[in-house]
Amino acid sequence: MTPSDVKATLSFSDGSPSIDLPLYKGSIGPDVIDIRKLYGQTGKFTYDPGFLSTASCASTITYIDGDKGELLYRGYPIEQLAQQCDFLEVCYLLIYGELPNTEQRTTFTKTITYHTMVNEQMQFFLRGFRRDAHPMAVLTGLVGALSAFYHDSTDVQNARHREIAAHRLIAKMPTLVAMAYKYGMGQPYMYPRNDLSYSANFMRMMFATPCEDYKPNDVLVRAIDRIFILHADHEQNASTSTVRLCGSSGTNPFAAIAAGVACLWGPAHGGANEACLNMLEDIQRMGGVEKIGEFVKQVKDKNSSVKLMGFGHRVYKNYDPRAKLMRETCHEVLGALGLGNDPLFKLAMALEKIALEDDYFVSRKLYPNVDYYSGIVQRAIGVPVSLFTAVFALARTVGWIAQLNEMIGDPEYKIGRPRQLFVGSARRDVKPVAQR
Ligand code: CMC
C-alpha cells in the first residue's frame, strides 16, 4: 500500500510533540489512518472496543456501503449475483477473485461435488453428542474435528493445503449440517449424491430418508441457494474477525473455521435468525398483529432489554440489501408452497411497516437486516428453527476461508495481538491468608 500525500497530524494538549501519521485511500470507502507506529513514537495506544473506528486489515473481497445499503462481493452488487449466479459461482468468485468462465465453473463444481462425503469415522464421533444437543454445539465440534481427519490439508502456510482445505470445507459443510440434523431427529444419515446441484444435494440430505426419496422443488432449491449467496461473506464482522484472529497464530484452517462457527452462534450475530423467528412466534402466541403495538413499546423501553430481532446493524444505516432480496424470496417460496397467507409472514410485514414509521427506529436508522425474513423462508422449506444458524455457518464458510487465505497471503500479516487500557490494581504483595 502506498500512503497518500495527505497526512493526519496528532497533537496533544500537554505540550508533547505532535506527530504525522500516514493516510491510505481505499478504492472506495473511508480513508484509514495508519497508527502502527503510534506506540513507538508516543508510548500511547488507541482505545476502540468493538472496533467502531478501526480497520483491522486491508481487504479486496467484500465492500459494504452502510449508508447507501450496498453490498459488493469483489465489486459485483449482491443483487446481480443473487439473480444471475449460483452459490458455487459465488464461492469461486470469493476465493479466486473473479467469476468463473464455463470451463472453470465445470471444474470447480466437479471438485466440490467430489469432496462432499465425510470420513466414515465422523459419524461415530457424532454419536458422542446428546441427541438433544444444539446443532451449533455439534457443528462447532464437527468442524474442529475435521483437522483430525484430513492431515494433508492442515498446513496453513502451504497454498495447496489451503486450497484443498477450502474445497473440503465448502463441500463438507452441507453434509455435516445435514448429519447434525439427522442425528437430532434420530434418523439415518443420507449420503451425498453427485448428480445433484450443491443446494439440491443439501436439501436431499436433510429431507430424504432411506424409505422415501426427496425430490426438491426448483423454487425451494433456488431459495436455499439464494440464502447461501446472501450469507456468503460480509467483510470484517465478528465471526470473520474471529477466523482471522484465530488463523493469525498459524493454526490449521479447520480449527480457524471452527472458531468462526462458535462466534457466529451468538444472538447478536448469526443466532439472530433463530431469535427473530422465536420472537415472531411469541408475538403470534400473544395475539398476533393486534399485539405489535405492545411489543414495540417493550422494545423501546430501555429497562426491558427486549430487542426487535432482525433489525439494526453495525454497518447498515439503511435497508440491508440482503433483506430486500430475502423478502422477495419469501414471497416466491410461500407462493410455491401455497402459503401466501402465512400468518407469520403477514405479522413480519406488519411489524416491519410499524417499525419503519416509528421515530425510535427512524432516528436510530434501524432497518431490517438479512435475518428478518430468512427464518420465515427456512421454516417454510422445512428447516427447523434450531438449525437456522447452522445453515448460516454453512454459507459463511466460504467467506471465512476467502478472508483467512487473503490474510495468510498478505505480506503485512502478523499474529493479531490487541493492546489494552489497564484499569485494575497496580502491583501489590500477597498477604498471608489470615491477614486477607
Ligand atoms: N431493537 C431495538 N433497539 C435497537 C436494536 C434492535 N434490534 N438494534 C439497535 N438498537 C438501539 C440500541 O439500543 C441503541 O439505542 P441507544 O442509542 O438509545 O442506546 C441504538 O439502537 C444503537 O445500537 P447499538 O447496540 O449501539 O448498535 P450496534 O452496532 O452495537 O449493534 C446489532 C448492532 C446488530 C448487534 C444490533 O442492532 C442488534 O442487536 N440487533 C438485533 C440482532 C440482530 O438482528 N442481529 C443480526 C445482525 S445481521 C446478521 C449478522 O451480521 O450476523
Side-chain angles (χ1 to χ4, degrees), residues 48-54 61-67 69-71 73 78 136 227-243 259-280 282-283 292-327 348 351-352 354-378 385 388-400 403:
D48 186 15
F51 295 89
L52 295 177
S53 297
T54 299
I61 303 173
T62 295
Y63 175 75
I64 305 171
D65 185 324
D67 293 323
E70 181 178 67
L71 169 62
Y73 291 168
I78 190 68
M136 285 300 278
I227 289 180
F228 293 166
I229 292 173
L230 300 186
H231 288 84
D233 196 44
H234 215 226
E235 53 120 301
Q236 309 312 317
N237 54 83
S239 59
T240 301
S241 303
T242 300
V243 169
V261 176
C263 175
L264 189 76
W265 192 359
H269 192 6
N273 48 18
E274 179 176 344
C276 180
L277 202 88
N278 289 335
M279 170 194 81
L280 291 172
D282 284 348
I283 303 173
I292 290 179
E294 203 175 298
F295 175 74
V296 168
K297 216 166 154 191
Q298 277 179 37
V299 170
K300 291 173 7 182
D301 176 359
K302 282 277 154 213
N303 302 319
S304 77
S305 80
V306 177
K307 279 200 164 175
L308 176 48
M309 299 312 286
F311 255 69
H313 199 275
R314 172 64 59 80
V315 185
Y316 291 118
K317 300 302 165 200
N318 200 331
Y319 213 100
D320 176 342
R322 303 168 302 168
K324 275 192 197 139
L325 290 158
M326 214 60 252
R327 194 173 52 180
L351 178 54
E352 176 193 342
I354 289 171
L356 290 179
E357 286 167 0
D358 190 301
D359 187 54
Y360 175 92
F361 299 93
V362 175
S363 62
R364 290 170 177 77
K365 298 190 176 164
L366 300 171
Y367 292 87
N369 59 51
V370 67
D371 291 320
Y372 194 68
Y373 286 107
S374 71
I376 300 177
V377 176
Q378 293 194 60
V385 179
F388 288 179
T389 315
V391 171
F392 188 163
L394 182 175
R396 183 55 60 85
T397 296
V398 63
W400 290 330
Q403 301 268 354

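All ligand and atom numbering here is 1-based and tracks the order in the structure. Worth knowing before you read on, the calculation uses all heavy atoms, side chains too, and leaves out hydrogens, waters and symmetry mates. Numbers for residues simply follow the sequence, beginning at 1.
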Fill in the blank from the handout: of all protein heavy atoms, closest to atom 42 (C) of ligand 1 is Met309 CE, 3.4 Å
Practice task
Supply the atom-to-atom distance Phe311 CZ to Leu351 CG, rounded to the nearest 0.5 angstrom.
Solution key: 6.5 Å
Handout entry: Least distance between heavy atoms, Gly310 atom then Tyr372 atom
Key = O-CB, 3.5 Å
Exercise for the section: Indicate whether the side chain of Asp48 and that of Ser53 have a donor and an acceptor atom separated by less than 3.5 Å. Expected result: no
Practice task
For atom 7 (N) of ligand 1, state whether the nearest protein heavy atom is under 4.0 Å away.
Solution key: yes
Problem - Which residue and heavy atom of the protein sit nearest atom 34 (C) of ligand 1, plus the separation - result: Gly312 O, 3.7 Å
Exercise for the section: Decide whether Glu352 and Tyr373 meet the rule of one side-chain donor and one side-chain acceptor closer than 3.5 Å. Expected result: yes
Handout entry: Geometric N/O contact Phe311 with ligand 1, under 3.5 angstrom
Key = yes
Handout entry: Close aromatic pair by centroid cut-off 6.0 Å: Tyr316 and Tyr367
Key = no
Fill in the blank from the handout: Between the CD1 atom in Ile64 and the CZ atom in Arg314, the distance rounded to the nearest 0.5 Å is 12.0 Å
Practice task
Work out whether the distance between some heavy atom of Leu366 and some atom of ligand 1 is less than 4.0 Å.
Solution key: yes
Completion exercise
Looking only at protein heavy atoms, what sits closest to atom 52 (O) of ligand 1 is His269 ND1, 2.5 Å
Completion exercise
Counting from 1 in the order shown, the ligand 1 atoms closer than 4.0 Å to a non-hydrogen atom of Asp371 are 46 (C), 48 (S), 49 (C)
Practice task
Name the option, out of Tyr360, Phe392, Tyr316, Phe361, that contains the heavy atom nearest to atom 11 (C) of ligand 1.
Solution key: Tyr360
Problem - Sidechain N-carboxylate O distance under 4.0 Å for Lys300, Asp358 - result: yes
Handout entry: Partner of Leu308 under side-chain contact (heavy atoms from CB on, under 4.5 Å), chosen from Val299, Leu366, Val296
Key = Val299
Exercise for the section: Establish, yes or no, whether a centroid distance under 6.0 Å links the rings of Tyr73 and His234. Expected result: no
Problem - Test item: protein heavy atom less than 4.0 Å from atom 45 (N) of ligand 1 - result: yes
Exercise for the section: Take atom 22 (C) of ligand 1 and look for protein heavy atoms under 4.0 Å from it; say yes if you find one, no if not. Expected result: no
Handout entry: Residue Val299 vicinity, atoms of ligand 1 by number, heavy atom under 4.0 Å
Key = 1 (N), 2 (C)
Exercise for the section: Can you sort out which atoms of ligand 1 are near Gly310, meaning under 4.0 Å from one of its heavy atoms? Expected result: 43 (C), 44 (O)
Exercise for the section: Could you grab the distance from atom CZ of Arg322 to atom CD1 of Ile227, nearest 0.5 Å is fine? Expected result: 12.5 Å
Practice task
Pull out every atom of ligand 1 sitting under 4.0 Å from any heavy atom of Ala272, numbered as shown with elements.
Solution key: 43 (C), 44 (O), 45 (N), 46 (C)
Problem - Min N/O separation Arg314 to ligand 1 under 3.5 Å - result: yes
Exercise for the section: Establish, from distance only, whether the side-chain atoms of Glu235 and Gln403 form a donor-acceptor pair under 3.5 Å. Expected result: no
Problem - N or O contact, Lys307 vs ligand 1, cut-off under 3.5 Å - result: yes
Exercise for the section: Scan the protein's non-hydrogen atoms and note whether one is under 4.0 Å from atom 26 (O) of ligand 1. Expected result: no
Practice task
May I ask whether Lys302 has any heavy atom positioned less than 4.0 angstrom from an atom of ligand 1?
Solution key: yes
Problem - Between CG on residue Leu71 and CG on residue Asp233, distance to nearest 0.5 Å - result: 8.5 Å
Exercise for the section: Kindly determine whether Asp371 and Phe388 satisfy side chain to side chain contact (heavy atoms under 4.5 Å, CB included), including the steps that lead there. Expected result: CA-CA 10 Å; Asp371 291 320; Phe388 288 179; over 6 Å; no
Completion exercise
Residue, atom and distance of the protein heavy atom nearest atom 47 (C) of ligand 1 read Asn369 ND2, 3.6 Å
Practice task
Go through ligand 1 atom by atom and flag the ones less than 4.0 Å from a non-hydrogen atom of Gly270.
Solution key: 52 (O)
Fill in the blank from the handout: When distances are taken from atom 48 (S) of ligand 1, the protein heavy atom at minimum range is His313 CD2, 3.4 Å
Problem - Protein contact of atom 1 (N) of ligand 1 - nearest heavy atom, named by residue and atom, plus distance - result: Leu308 N, 3.0 Å
Handout entry: Interatomic distance, Met136 atom CE to Thr389 atom OG1 [nearest 0.5 angstrom]
Key = 5.5 Å
Problem - Close approach, Tyr372 and ligand 1, non-hydrogen under 4.0 angstrom - result: no
Practice task
Please check atom 15 (O) of ligand 1 for a protein heavy-atom neighbour under 4.0 Å.
Solution key: yes
Problem - ligand 1 contact on Arg364 by region, counting heavy-atom pairs under 4.0 Å - result: side chain
